[in-house]
Structure formats: structure tokens, C-alpha cells
Asker: 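Mind looking over this structure? Questions follow.
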Amino acid sequence: MFDSDPIIVGLEIGTSKVCAMVGEVGSNGALNIIGVGQARSRGVRKGEIADAAKAVEDVRNAIVDAEQQADVEVRSVYLGVTGGHVRGFTNRGMHPVASADREIAAEDVADAIKNAKVINLPAENTPLHAIRQHFLVDGQPGVIDPVGMLAARLEVDMHVVHGNAHRFQNPIRLIKGLPLDVEDIAFNGLGSALALLSHDQKQMGALVIDIGGGTTEYVVYSGGIIRHTGVLAVGGDHVSNDLAYGLKVPLRRAEDLKIQHGSALTSDADKGQTLPLTGEPGLHTKTINLEHLRRIMALRLEELFEIIAAELSQAGLLNYLCAGVFICGGGARIPGIDQLATRIFDMPATLGRASSVSGLKSALDQPEFATAAGLVKYGASQHRKRDGDGFVNAIRKRVQIFFGRA
Ligand SMILES: Nc1ncnc2c1ncn2[C@@H]1O[C@H](COP(=O)(O)OP(=O)(O)O)[C@@H](O)[C@H]1O
Ligand SMILES: [Mg+2]
């Protein structure tokens, strides 16, 4: 349906914060961020709703905050989703070419794609994104457009991001209860990658890692297409937990220590340094060993990166990341996190900025807001598509963005 509303809102209901970002699509089609709202998130665990009453309040607060800053009324959102149930894998769909002359028609392509989207998905799961990689025509790999070629067998590799259908519904129902419309849902990692990566970086190959409170999302682009996606139900909050156990301090203290004195690296300069810990009722005055604190952090973060590196190595993707690693999410604020990633992935790693989106610089510079900024970009691309083509179905719209037409 034609929609003349040029306001696009990206919403991330994160484990640590809720972020609503408002973008405006100008008459020339350019997207500009005009406002951002945020609220502390109290109803989310590991990226998923755990206390709907609190979450709905937090989302409302973030939306109101965004409305005030952007001076618009928010009616609908592009909602980011994540969680340990979200998986990405590459599926091969097969379709026998049935026509007498064995010439591949557009319908054969559509059937092969349809098969690849659903094959091997657990019954309770639904595809969230389906990204076409390339076709195989009678086993010949790397075919970009097979229509008109002759073959008995057409195959297609699709990267499918999928997850539990009910668990995707929980945040959608929450938003609808506000009441707000959900235009579409998208994987949070995709949002972050869209915000951070330029067209060239997507072509050259890049890994985006978004370290949030309770989850870490990662996405690999190469040749302009998404090649790999994943989520680990581990984030900055686990670092704080490790500190609480390891240093024997309350969690709130551990969080403060992480933010004030944390680092992803240990150095000789930390040796023998202590931090006095005072003022906690019921807690003996004690000192914290700075080297110990940073070693605990480094171990957890190293493990996080190593899990991702092992997965990408197994998928044969590490050699395709010519643009390097880009880190965002609140975890990007940890001093030395880029150096640690450089060491573990053995390639240049930098802190990512939502530089592919324009507008409010103060918001776009915050690593926590990358997902929401990318969701606005995702929404804007769909909006443009809808304006130009009234009957494009939701899945096809999703596919477009992965081919660099965002
Ligand atoms: N200066 C900092 N140093 C270390 N960790 C930080 C810092 N600022 C934020 N964080 C951590 O970032 C995480 C929140 O990141 P965010 O991207 O907002 O999460 P989410 O998207 O899950 O809501 C928390 O674990 C928080 O402790
Ligand atoms: Mg996040």
C-alpha cells in the first residue's frame, strides 16, 4: 500500500536500554536522523522479553522521548529482534527444471528460492531473512542470473536467518499493545551492520560485532552480500557478573568498576595497582587489584571473540574479511576492545560508527545506537521500495537490502 508518511522509526528493545530512533525521508529520498529516545531496559533478559509489564513501560518511555526530540508522532516502528534462538545458516534449495526444453524460467528460480528458505528449519522456527548467495546450474557454481540457461537441475544457496516464531511474536505483541504498528522485524545484527558498513566495506568483506548487555550479534558481509550471522547469549553483563564473582563485590559495584577501570587488555603497568573500594554499607572496606580486574575482563572477552573466530574459520570466511572487524554496542566502550579483536582475529579491528546514516551526529556517534540507526536505514529502504512498487511482498523486500540497494 502506498504510504506517504516519511517518518521511519527503528526500535531496539535491548537488554540494557531501549532505543527508538526517528528518521525522516526527505523529498529527494535521502534519510536524515532527527531524533532519538532511550530508556533503561528492565524487562529484557538476553535480548528477549522477560517482564512484559516493565518492558512495555520502558518502550513507551523511549518512544515518548524520541517523539519529543524529533517533534513527531510515532505510529509505527521497524523492530529489531535477537536472542539465543536466532540462527543463521546457509541452505541449498533444489528445483528440477520441468519444462520440455529445459530452459530455466523465472518460476523455476522462484521455486528454488522458496525451497531453500524453509529446508532444514525446525518446525517451530520461521525465516526472518533469506539472502540469496548464488545459483548452481547443473552443478555449475557461482551463477548470478540463471534465467534462460539450460539445465535439468537448478540449485540456490540462501543464507537464512531464522528463529522461534513464538519468541519473535513476543516483542511484536508488546508493541502492538501500545498501540503501535510493527512495519517489519529485522535481526539486530543486520541493523548494526547496515549502520556501520559502507558499500565498499560490504564488498571487500567485513565482520560487525555488536556487544550488548545480554547478547552479542555478529554479521559477515562479503561481495556485498551477507554471508554469515549469529548471536551469542553473552554480553557486557556477563563481564560484570564475572567481576562480581571474581572480585567478590556486589553486581552493581562490579558494573561501576568495569565502566570506570575496565579494559580488555592487561598490561605490566597494572601490576601491583590497587583500587580502594569504600562506602558500601555492610561491605568491608577492601581493595581491588587492578590487574586482576582487567584479567577477568580480558578472559571473558577473549573467549567471546574466540568463539566467533572459530565459527567463521569453520565457515571458511576469515580470509574474506579484507575490510576487517568493526565493533559496536555498549561493549565497544571497553578500552582496548579493538586491540583485543585485532589480536584474536589477526586483522585490523576498529570501533564502528553509524557513519552510513546521516543526521544527529550526537546520537549516531554512540556505539549503543548503531542497531536502531540501522533499523531506520532498513525501514527507509523498504519504504522507498514500497513507494515504487506497491505489491512487493515482505520477504522480497527483505532480500533487496542485502544486494547493496539499501
Ligand atoms: N564505558 C563502558 N565500559 C564497559 N562497558 C560498558 C561501558 N558502557 C556500556 N557498557 C556495557 O555495554 C552494555 C550495554 O550495551 P548496549 O549496546 O546498550 O546493550 P543492549 O543493546 O543489549 O541494550 C552493558 O553491559 C554495559 O555495561
Ligand atoms: Mg543491542
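What you see is a predicted model, and the numbers here were worked out from it, not measured in a lab. One-based numbering, in listed order, for ligands and for the atoms of each.
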Asker: Among all protein heavy atoms, pick out the one at the shortest distance from atom 8 (N) of ligand 1; state its residue, atom name and that distance to 0.1 Å.
Answerer: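 Going by distance alone, atom 8 (N) of ligand 1 is nearest to Arg333 CD, 3.5 Å.
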Asker: Against heavy atoms of Gly331, which atoms of ligand 1 measure under 4.0 Å?
Answerer: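 The list of qualifying atoms is 12 (O).
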Asker: Before accepting this row, confirm whether a basic side-chain N of the pair Glu155/Arg153 lies closer than 4.0 Å to the acidic partner's carboxylate O.
Answerer: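 Looking at Glu155 and Arg153, the cut-off is met.
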Asker: To which protein heavy atom is atom 23 (O) of ligand 1 closest, and what is the distance rounded to 0.1 Å?
Answerer: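 For atom 23 (O) of ligand 1, the nearest protein heavy atom is Ser16 N, 2.8 Å.
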Asker: Is it the case that ligand 1 has an N or O less than 3.5 angstrom from some N or O of Thr215?
Answerer: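 No, since none of the N or O atoms of Thr215 sits under 3.5 Å from an N or O of ligand 1.
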Asker: Under 2.8 Å from the Mg ion (ligand 2), can any N, O or S atom of Glu12 be found?
Answerer: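 For Glu12, the answer is yes, given that an N, O or S atom comes within less than 2.8 Å of the Mg ion (ligand 2).
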Asker: Report yes if Glu12 has an N/O atom closer than 3.5 Å to an N/O atom of ligand 1; otherwise report no.
Answerer: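 Min N/O separation from ligand 1 is below 3.5 Å for Glu12.
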Asker: So, His228 versus Tyr221, ring centres under 6.0 angstrom or not?
Answerer: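 His228 vs Tyr221: aromatic centres not under 6.0 Å.
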Asker: List the closest protein heavy-atom neighbour of atom 6 (C) of ligand 1: residue, atom name, distance to the nearest 0.1 Å.
Answerer: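 Answer, as residue, atom name and distance: Gly330 O, 3.6 Å.
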Asker: Could you report the tightest heavy-atom contact between Val137 and Pro146, atom names first, then the distance?
Answerer: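 Answer, listing the atom of Val137 first, then Pro146: CG2-CB, 3.8 Å.
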Asker: So if I count the atoms of ligand 1 from 1 in the order they appear, which ones are less than 4.0 Å from some heavy atom of Ile259?
Answerer: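 The atoms of ligand 1 under 4.0 Å from a heavy atom of Ile259 are 1 (N), 2 (C), 3 (N), 7 (C).
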Asker: Which ligand 1 atoms does Thr15 reach within 4.0 Å, using its non-hydrogen atoms?
Answerer: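 Atoms satisfying the 4.0 Å criterion: 20 (P), 22 (O), 23 (O).
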Asker: Distance to 0.1 Å, residue and atom name: give those for the protein heavy atom nearest to atom 19 (O) of ligand 1.
Answerer: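 That would be Gly213 N, 3.0 Å.
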Asker: With a cut-off of 6.0 Å (strictly less than), are more than 12 heavy atoms of other residues, nucleotides or ligands near CZ of Arg40?
Answerer: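 Atom CZ in Arg40 is not crowded, with 12 or fewer foreign heavy atoms closer than 6.0 Å.
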Asker: For side chain to side chain contact (heavy atoms under 4.5 Å, CB included), just list the numbers for Leu190 and Val161, CA-CA rounded to whole Å, side-chain angles, deciding distance to a tenth of an Å, and then say yes or no.
Answerer: CA-CA 10 Å; Leu190 165 66; Val161 183; over 6 Å; no
Asker: Under the ring-ring contact (aromatic ring centres under 6.0 Å, His included) rule, collect the residues that match up with Tyr320, sequence neighbours excluded.
Answerer: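 Counting only residues at least two positions away or on another chain, Tyr320 forms no ring-ring contact (aromatic ring centres under 6.0 Å, His included).
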Asker: Among Arg333, Lys17, Gln38, whose side chain to side chain donor-acceptor pair (under 3.5 Å) with Glu368 holds?
Answerer: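 Between Glu368 and the candidates, side chain to side chain donor-acceptor pair (under 3.5 Å) is satisfied uniquely by Arg333.
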Asker: Just to check, does Gly235 reach to within less than 4.0 Å of ligand 1 when the distance is taken from its heavy atoms?
Answerer: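 No, Gly235 has no heavy atom closer than 4.0 Å to ligand 1.
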Asker: Could you tell me the residue and atom name of the protein heavy atom closest to atom 4 (C) of ligand 1, and the distance to it rounded to 0.1 Å?
Answerer: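 Result for atom 4 (C) of ligand 1: Ile334 CG1, 3.4 Å.
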Asker: Is there any N or O on Lys17 that sits under 3.5 Å from an N or O of ligand 1?
Answerer: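 Checking ligand 1 against Lys17, an N or O pair does fall under 3.5 Å apart.
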Asker: Starting from atom 11 (C) of ligand 1, locate the nearest protein heavy atom and write down its residue, its atom name and how far away it is, to 0.1 Å.
Answerer: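 For atom 11 (C) of ligand 1, the nearest protein heavy atom comes out as Lys258 NZ, 3.8 Å.
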Asker: Number the atoms of ligand 1 from 1 as they appear, then name those within less than 4.0 Å of a heavy atom of Glu255, with their elements.
Answerer: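 Answer, ordered by atom number: 26 (C), 27 (O).
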Asker: Does Lys258 pair with Glu255 as a salt bridge, N-O distance under 4.0 Å?
Answerer: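 Looking at Glu255 together with Lys258, the answer is yes, because their closest N to O distance falls below 4.0 Å.
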Asker: Hey, which atoms in ligand 1 end up nearer than 4.0 Å to a heavy atom of Gly236?
Answerer: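 Atoms satisfying the 4.0 Å criterion: 25 (O).
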Asker: Using a plain distance cutoff, I'd like to know if Gly14 has any nitrogen or oxygen under 3.5 Å from a nitrogen or oxygen of ligand 1.
Answerer: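 There is no such contact.
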Asker: Could you check, using the six-membered ring where one of them is a Trp, whether Phe168 and His85 have ring centers closer than 6.0 angstrom?
Answerer: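 Yes.
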Asker: For the backbone of Ser198 and the side chain of Gln201, can you confirm whether one donor and one acceptor N or O come within less than 3.5 Å of each other?
Answerer: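 At least one qualifying donor-acceptor pair exists.
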Asker: Hey, is CZ on Arg45 packed in by over 12 heavy atoms from elsewhere, all under 6.0 Å?
Answerer: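 At most 12 heavy atoms, drawn from other residues, nucleotides or ligands, come within 6.0 Å of this atom.
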Asker: Any idea which atoms of ligand 1 are less than 4.0 Å away from a heavy-atom of Gly329?
Answerer: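 Under 4.0 Å from Gly329, ligand 1 has these atoms: 17 (O).
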Asker: Please state which protein non-hydrogen atom is closest to atom 25 (O) of ligand 1 and give its distance, to 0.1 Å?
Answerer: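 The protein heavy atom lying closest is Asp237 OD1, 2.9 Å.
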Asker: Checking Asp58 side chain against Ala39 main chain: does a donor-acceptor pair fall under 3.5 Å?
Answerer: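 Checking the backbone N and O of Ala39 against the side chain of Asp58, no donor-acceptor pair under 3.5 Å is found.
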